Protein chains: 2
Amino acid sequence: MATIQDVARRAGVGVGTVSRVINNSPLVSDTTRARVQAVIDEIGYRPSTVARALSLGHSSIITVVAPFLTDPSVVLRLRGVASVVRESEYDLVLYDVEAPEQHAARLDDAIYGGRSAAVIVMSLAASGAIAQKRESSKVPLVWVDRRIDGVPCLTIDDHEGGRLAARHLLELGHRHIGFIGDRPDERFGFTSGDDRFAGFCEEIAASGLAVPGGYVRRVAHGMEDAATAMGELLALPDPPTAIFATSDLIAYGAIEAARARGVRVPGDLSVVGFDDIAMSAHIGLTTVRQPLFESGSRSAELALAMLAGDDVDTTAEWDLPLELVERSTTGPHR
Amino acid sequence: MATIQDVARRAGVGVGTVSRVINNSPLVSDTTRARVQAVIDEIGYRPSTVARALSLGHSSIITVVAPFLTDPSVVLRLRGVASVVRESEYDLVLYDVEAPEQHAARLDDAIYGGRSAAVIVMSLAASGAIAQKRESSKVPLVWVDRRIDGVPCLTIDDHEGGRLAARHLLELGHRHIGFIGDRPDERFGFTSGDDRFAGFCEEIAASGLAVPGGYVRRVAHGMEDAATAMGELLALPDPPTAIFATSDLIAYGAIEAARARGVRVPGDLSVVGFDDIAMSAHIGLTTVRQPLFESGSRSAELALAMLAGDDVDTTAEWDLPLELVERSTTGPHR
DNA sequence: CGCCGGTATGGAAGCGATTCCACCCTAGCG
DNA sequence: CGCTAGGGTGGAATCGCTTCCATACCGGCG
C-alpha cells in the first residue's frame, strides 16, 4: 500500500503539500495540486483511515448498539441509520447485544473504548455507570426508544399509542376489547408495553368501559406465544371482538390463531398491532405506526450534527409522531 | 483519555512493560504485572484501538458488504456473521449497498481502503476489477451466495434446490405445477432464480411432464407482484394445483392471493417457498431451506481463520446443504 | 569468584497521517 | 530599489501503540 510519503517523493513535493491536496486546502497552487493529484491517481493512493484517525484524535466510526436483528423493528431502525451514515464519511459499526448481561460491557466499550466517533443506542437501558461517567467522554451519544438524562433521546409516546389503538376499536363499535402484550420484565426491562397498556385502559375507561382482567394476556416471545394467548381468549365464554396487540409480531400470532379456529379477521375479530414493520403493509395489518426507519435516520442525523460541532441540546427529547394506520384487520363490530 | 504513557509513569515502569501486560506477554514478572494491572484498573485505562491498529499495520474490523436490510434473508445471514464476530476481538462494520451502481465503489473501498482486516461480501457480483487486483491486497476475502474465482465461496446448489421443490410436489401427486420467480435481471444480476427454475423443470421433465409456459411468472418485487402473478395463474382455465416460489416472500404473496380468492392452502393449492427465513417457521410455510444464518456464521469463521493465518484454500467453494422443510402449505393433490 | 545465559525491563524507532512553524519567493508599496 | 506581507511549501513533531534492541540483574556453573 502506498503512503503519503511515496506520493510526496514521486511528485517531488513535501508530505504537507500532499496532505493539503487530499484535504482540499486552498493553500496549494493549482499547478502543484494537479501534479500531486496525477500521482495519486496514477499509483492509486488512498490515505489510511487509521493513521488519519490517530492523527486527528477521533475515528470515523459511528457505532450502533442494539438488541439485535432478531426483532424486525430493530432492523427497520437500523436501516434508517444506515441510510444516513452511508451518505456521510463515517462508517457504521454494529454492536449487537443478544443477552442483557452483555449490554453494559458493550456499551462501555463502544463509548469509552475510543473506537467510536459517536454512539447510537437503541432500546437499551443505560447502565448506572453511563449516566455518571457521562462527562468524562466527549463522544456524542444519541439514545433511541428510551429516555436517558443528559442524552438527546428519540422516543415515542407509548401511552398515547395505547389510546390511539383503543380509540380506533371503540369508534368501530367494539365493547369487548382484549389485550395481548409483551411480558413487562422480559429481556432488557422494556417498559413500553406497560405504558401502552396504561394508555389503552385509560381510553377505554374514558368511555365508561373497563378491560376485564381475563381479557389481558402477557406473552414472552412473539408469534407463537401470542397465538396461544389468542386461543385462550377465544375459548372464553364471552370472547373479545377486538384485540390490541403491543407489537405487529404479536398481532400476526393472534390473527393466525384466530383464522386457524375459523374466526374471521376482521369479520368476527378486529386486530390492531403496534410498530408497522415492513411486512405489515403487505399483510394489511391495521396498526399504530411508529416511525421506526425515521427514528434511525434522525438519530444518525443528530449524531452527525453533534460530530460537526453543531449545538445539539443534550437534554432534548424528541417524541416522534404516532399514527393509526387503518388497513384490513379491523372492521366495525358485528 | 489516559494513554499508555500515563499508566507507565504512574506504575513506575516503561511503556514497553505496560504494553506487555496488556497483551499478556509472558515476559513480565508477576509482581510488575500486578502493579501495572492495578494502575490500569484504577484509572480505567483502555488502549486505543486506533493507535494499536496503526502500529500493528492492520485494523480490527471485519467489513460486510451486502445489498442490505431490505431482504429478510440478508438479515438472517448478517445475524450469522454477527454471532461469530461478536465473540472475536473484531468489530463488525456494515457497508450497505442499496443501488447496484454503488456496489463497485463500496467494494473497492472496503477491500482497498485499508479500513478492513477482512471483507465478507454477500450476494454481490465481483466487479471485474476485483478479480484482477485481487493479489494486490492481502485482505482476506470471503464471498457468500456467489462464486468468484480465487476467493473462498459459500454457496448453495440452486439447481438442486429447484429439483427438491419439484420432487416434493410431484411426490404429493401434483401434475399441474406453476412457478413464480424473481425477474432474472433484477437488481444485482442474480442468477439463482434461473438456476432454481432450471432444476425445477428438469425434475419435472424427469417424470415425463412439462411446465407449460403459461404456468411461469417472473416478478420484480416480492409479495405484491407475487400476489398479482398468483391471481393470474388462478384465473387460468386450468390453474395449477401447486406452486414453486423462488423465495419465501414470493410464497407469502402467492398464498395471500390464493386465500383472498377463497382458494385454500394447502387444500386446493400447495405452495413451496425457498429460503426459510425466520417468519416462515411461524407461518408454517413449506420451503426449501438454505442455511442462511449458517452461511453468515461460517463466512465469519472463515474470515477469522484467514486472519489468524490458518491456511484456507482460496479456491474452495463450499456448497451448503439444502433441505426441504415440510410444513403446512403443501398437501396431497385433491 | 568471574562469567554466561536467560529473564525483566526501559526506551527509541517506527506505523501514516495532520499540523504547525520556519522559510522562500514574489509582488506591491514607499 | 529595498522592505514587507503573505501565499506556497517542506519537514519536524505529534498522535498512542508495538516491537526491537540494549541494558540490568539474577543464579548457576566452571
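Chain A is the first sequence line, chain B the second, and so forth, proteins listed ahead of strands; every chain is numbered from 1. Owing to the predicted nature of the structure, the values given are computational and were not obtained by experimental measurement.
- For DNA chain C, none of the residues of residues 33-44 of chain A falls under the heavy-atom distance limit of 4.0 Å.
- The stretch residues 50-57 of chain A comes close to DNA chain D through Leu54(A), Ser55(A), each having a heavy atom under 4.0 Å from the strand.
- Listed by chain and number, the residues in a side-chain hydrogen bond (donor to acceptor under 3.5 Å, both in side chains) with Arg146(A) amount to none (sequence neighbours excluded).
- How far CZ of Arg20(B) is from CG of Leu27(B): 7.0 Å, rounded to the nearest 0.5 Å.
- A donor-acceptor pair shorter than 3.5 Å can be found between the side chains of Ser73(B) and Asp71(B).
- Between Arg79(B) and Asp96(A) no salt bridge is recorded (no basic side-chain N to carboxylate O distance below 4.0 Å).
- Sparse packing is recorded around CG of Asp311(B), with 12 or fewer heavy atoms of other residues, nucleotides or ligands lying under 6.0 Å away.
- Evaluation of the salt bridge (charged side-chain N to carboxylate O under 4.0 Å, His left out) test over residues 43-67 of chain B, restricted to residues two or more places apart or in two chains, returns Asp109(A)-Arg46(B).
- Residue Tyr112(A) holds its OH atom at 8.0 Å from CE of Met1(B), rounded to the nearest 0.5 Å.
- Side chains of Asp319(A) and Thr155(A): a donor on one and an acceptor on the other come within 3.5 Å.
- Scanning residues 11-32 of chain A for heavy-atom distances under 4.0 Å to DNA chain C yields Gly16(A), Ser19(A), Arg20(A), Asn23(A).
- In this structure Arg35(A) satisfies the side-chain hydrogen bond (donor to acceptor under 3.5 Å, both in side chains) test with no other residue, sequence neighbours excluded.
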Trace of the salt bridge (Lys or Arg N to Asp or Glu O under 4.0 Å) decision for Arg10(B) with Glu42(B): CA-CA 10 Å; Arg10(B) 247 176 119 125; Glu42(B) 184 194 338; 2.7 Å; yes

